[in-house]
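Values in this document were obtained by computation on a predicted structure and should not be read as measured data. Proteins come first, then strands; the chains are lettered A, B, ... in the order of their sequence lines, and each starts at number 1.
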Amino acid sequence: MKDKQTVLKVDNLSISFTQYVKGLKTRNITPIKSLSIAIEAGEVLALVGASGSGKSLLAHAVLGILPGNATCGGTITYCGQPLTESSKARLRGKEISFIPQSVNYLDPLMRVADQVKIGLPRDNADSIQKDLFSRYGLKEKDGRLYPFELSGGMLRRVLFATSVRSGIKLVIADEPTPGIHPEALSAILNQLRKFADEGVAVMLITHDIVSALTISDKVTVLKNGSTVETTLAENFTDNGKKLQHPYTRSLWNALPQNSFFNYKGVSDWL
Amino acid sequence: MIGLSILSFIMLQCSPIDPIAAYVGGDTSLTPEQRLALEEYWGLDRPASEQYLTWLSNLLRGDFGVSKIHRKPVVEIIKEKAVASAALMGISWLLSGVIGFILGVTAAVKKGKVLDRFIKWIAYVQASIPTFWLGLLLLIIFSVWLRWFPIGISVPIGVTSSEVTLWDRLHHLVLPALTLSILGIANVTLHTREKMIEVLSSEYIIFAKARGETTWQIIKNHGLRNVALPAITLHFAYFGELFGGSVLAEQVFSYPGLGSTLTDAGLKGDLPLLMGIVMISAVFVFAGNTIADLLNASINPRLKEGV
Ligand SMILES: Nc1ncnc2c1ncn2[C@@H]1O[C@H](COP(=O)(O)OP(=O)(O)OP(=O)(O)O)[C@@H](O)[C@H]1O
Ligand SMILES: [Mg+2]
């Protein structure tokens with residue numbers, strides 16, 4: 001079998017923010033200390049970890065959309081090449097697509113259909129957008145509405161539709177599914193799996209570990225800005241005896257359907 | 001409005017200017033009998049409150065009275081001058097709005113860079129220049145030194161009004177309009193800049209960037225859309241200052257609009273004319289603020305869809 005290409009490789013990533021405290025005194029905080037992940041073409045990697053563990057920051061770092069007061073350490077390579085600010089700018093929306101965590105990332109004053117059309121080939125943007133809407137259970141007339149007129153679940157699907165483009169090699173989905181009804185949820189997960197089957201590398205950031213496992217190949221667990229472990233999705237079975245790290249095991253067992261034990265350390269999970 | 005009219009009325013009553021003396025100018029041959037006759041004719045012999053009520057009831061019937069210095073119905077004078085003032089204020093309002101908006105957006109996009117600091121510096125300087133000073137400066141540079149534009153009066157001297165061409169009118173409009181525009185720019189620039197910086201740091205701009213939109217596309221797709229309405233709203237609320245500025249600019253350039261007529265009426269104690277212009281300008285400012293309020297409400301697309 002041919003070696004699969006590693007699309008995204010993050011080694012030892014650290015992110016710090018310079019903040020002003022009292023006038024001109026500055027202080028550095030480092031929410032991400034040592035983070036490493038790798039995703040191959042054709043693979044779905046689920047990224048899990050408690051709130052604040054640094055999942056979104058990792059995604060933003062790869063896309064080059066961190067705030068101005070952030071500094072990064074470590075290396076990020078994309079298809080074997082180091083990912084620089086200028087190559088990020090070139091790849092965004094063309095080869096790397098992003099589904100943000102919050103629906104506030106939509107322009108409040110732009111009709112949602114127009115937002116989905118941004119970046120589509122001009123000639124058939126209209127038909128592609130309509131097709132995407134029907135694929136994710138949105139009505140054609142919903143396209144004429146502004147974000148505030150749609151429900152949270154509908155906005156999730158709009159956000160997802162913005163990421164489905166041809167030519168994409170890496171999809172970074174930052175919690176694309178909360179508040180979504182089961183049908184749309186499986187439409188989105190199936191689409192992510194389909195991407196991977198077509199050779200795209202998919203990073204799925206999620207709190208919904210159970211649904212994520214249905215489509216993921218590997219799972220990377222983060223804790224306080226560091227990678228705890230990366231393991232195969234199939235290792236999440238029984239009471240987690242195949243999982244290496246105790247933290248991963250405690251995450252898994254903290255899920256209600258697996259609740260043999262309940263660890264204090266993960267009470268903020270879910 | 002009524003409060004404003006009472007206030008202007010009282011101020012004029014208390015002013016040391018004797019309308020009759022102002023009316024006759026330096027003519028000292030006025031006999032006491034003639035004087036009394038004039039006072040009676042204008043109703044000046046009656047108590048102030050009665051004068052006010054007469055004026056008010058006439059106003060409510062649509063009668064603004066007759067100007068003392070021009071001896072023409074106030075409505076007619078206002079109509080005549082309003083066109084000139086509307087041209088002046090309209091052009092200045094549009095110019096300052098467009099230029100200010102462009103400068104504000106540019107500064108926000110280049111935030112912290114040399115261009116931004118330059119634009120900000122210009123705006124602060126502009127904001128602190130008094131109208132008449134700027135007017136005089138332009139007058140000296142363009143009319144006295146360069147002789148590009150006439151010094152005053154909206155039409156050339158010695159030409160009958162029928163011969164006045166549109167070009168002549170425009171020619172005389174340039175300097176006052178320029179003065180007034182320059183003064184309005186700073187306000188729009190600084191507010192647009194502020195609002196644009198706020199918009200540019202919002203999540204939907206970060207997402208637009210993540211989707212590969214270039215800076216120009218971000219401005220075009222999301223920036224202008226989210227900044228335009230607040231900027232236009234603000235600019236309508238600026239009507240009041242615009243009118244105030246036009247009074248001074250018209251005075252400096254002896255531009256015969258409502259502003260200079262107002263000053264004239266005030267100085268000569270022409271009560272009906274003064275009150276008429278004050279009322280009209282109050283309506284004008286009120287209209288500006290109302291439009292601003294309505295626009296403000298419609299910034300929210302929630303309300304926009306409702307209509
Ligand atoms: N702009 C910032 N300045 C300073 N600290 C930040 C900034 N953005 C994020 N952080 C910190 O970095 C840490 C990681 O944040 P991040 O958003 O990546 O968490 P997350 O794993 O995505 O959490 P969640 O599951 O809630 O989305 C948090 O502790 C947060 O406080
Ligand atoms: Mg997050």
Side-chain angles (χ1 to χ4, degrees), chain A residues 56 59-70 85-112 114-120 144-150 155 158-159 161-165 167-168 170-174, chain B residues 101 105 107-117 192-234 294-307:
Chain A
S56 298
H60 289 213
V62 172
L63 287 149
I65 52 170
L66 287 172
N69 63 337
E85 289 308 313
S86 67
S87 62
K88 283 175 194 170
R90 188 164 36 79
L91 294 166
R92 288 193 289 249
K94 312 277 185 311
E95 293 189 14
I96 305 179
S97 77
F98 174 54
I99 300 144
Q101 181 169 10
S102 147
V103 295
N104 294 337
Y105 284 82
L106 289 168
D107 185 337
L109 293 186
M110 194 187 233
R111 296 176 198 276
V112 290
D114 294 335
Q115 309 205 41
V116 171
K117 282 184 210 165
I118 291 176
L120 287 172
R144 286 191 296 276
L145 301 177
Y146 291 93
F148 79 88
E149 295 169 297
L150 296 175
L155 292 174
V158 171
L159 276 178
T162 65
S163 74
V164 183
R165 301 283 118 115
I168 295 291
L170 172 65
V171 173
I172 299 176
D174 194 351
Chain B
F101 188 75
V105 169
V109 172
K110 299 279 174 202
K111 187 189 163 200
K113 306 258 172 64
V114 180
L115 190 58
D116 173 35
R117 269 181 281 164
T192 306
R193 178 181 176 276
E194 199 93 324
K195 184 71 196 170
M196 194 63 165
I197 286 174
E198 184 192 314
V199 165
L200 287 180
S201 66
S202 63
E203 289 181 319
Y204 54 87
I205 298 295
I206 295 176
F207 183 46
K209 196 175 156 195
R211 298 181 66 190
E213 292 178 50
T214 60
T215 305
W216 168 239
Q217 284 169 326
I218 288 176
I219 300 291
K220 184 169 63 93
N221 290 341
H222 314 285
L224 300 183
R225 180 188 304 268
N226 283 279
V227 172
L229 233 48
I232 294 172
T233 305
L234 181 96
L294 291 177
L295 278 176
N296 223 344
S298 74
I299 285 180
N300 193 337
R302 208 176 298 248
L303 298 172
K304 201 157 67 187
E305 286 291 287
V307 275

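- Nearest heavy atoms, B:Arg211 versus A:Gln115: NH1-O, 2.7 Å.
- Neither the backbone nor the side chain of B:Gln217 comes within less than 4.5 Å of any heavy atom of chain A.
- The distance from atom CG of B:Asn221 to atom CG of A:Asp107, rounded to the nearest 0.5 Å, is 8.5 Å.
- Residues passing the side chain to side chain contact (heavy atoms under 4.5 Å, CB included) test with B:Lys209 are A:Ile65, A:Arg92, B:Ile218, sequence neighbours excluded.
- Here A:Leu106 is the residue among A:Ile172, A:Leu106, A:Leu63 with the most heavy-atom pairs under 4.5 Å with chain B.
- The structure places CG of A:Asp114 at 7.0 Å from CZ of B:Arg225, a figure rounded to the nearest 0.5 Å.
- Using a 4.5 Å cut-off between heavy atoms, A:Arg165 touches chain B through its side chain atoms alone.
- Listed here is the closest heavy atom pair of A:Phe98 and B:Phe207: O-CE1, 3.4 Å.
- Looking at A:Leu91, there are no atoms closer than 4.5 Å to chain B (heavy atoms on both sides), in backbone or side chain.
- By number of non-hydrogen pairs under 4.5 angstrom with chain A, the leading residue of B:Gly212, B:Ser202, B:Ala208, B:Ser201 is B:Gly212.
- Side-chain contact between A:Pro100 and B:Glu203: absent, with no pair of heavy atoms (C-beta onward) separated by less than 4.5 Å.
- Counting heavy-atom pairs under 4.5 Å between each of A:Lys88, A:His60, A:Met110 and chain B puts A:Met110 at the top.
- Annotation: side chain to side chain contact (heavy atoms under 4.5 Å, CB included) contacts of A:Ser97 (sequence neighbours excluded): A:Ser163, A:Ile168, A:Val171.
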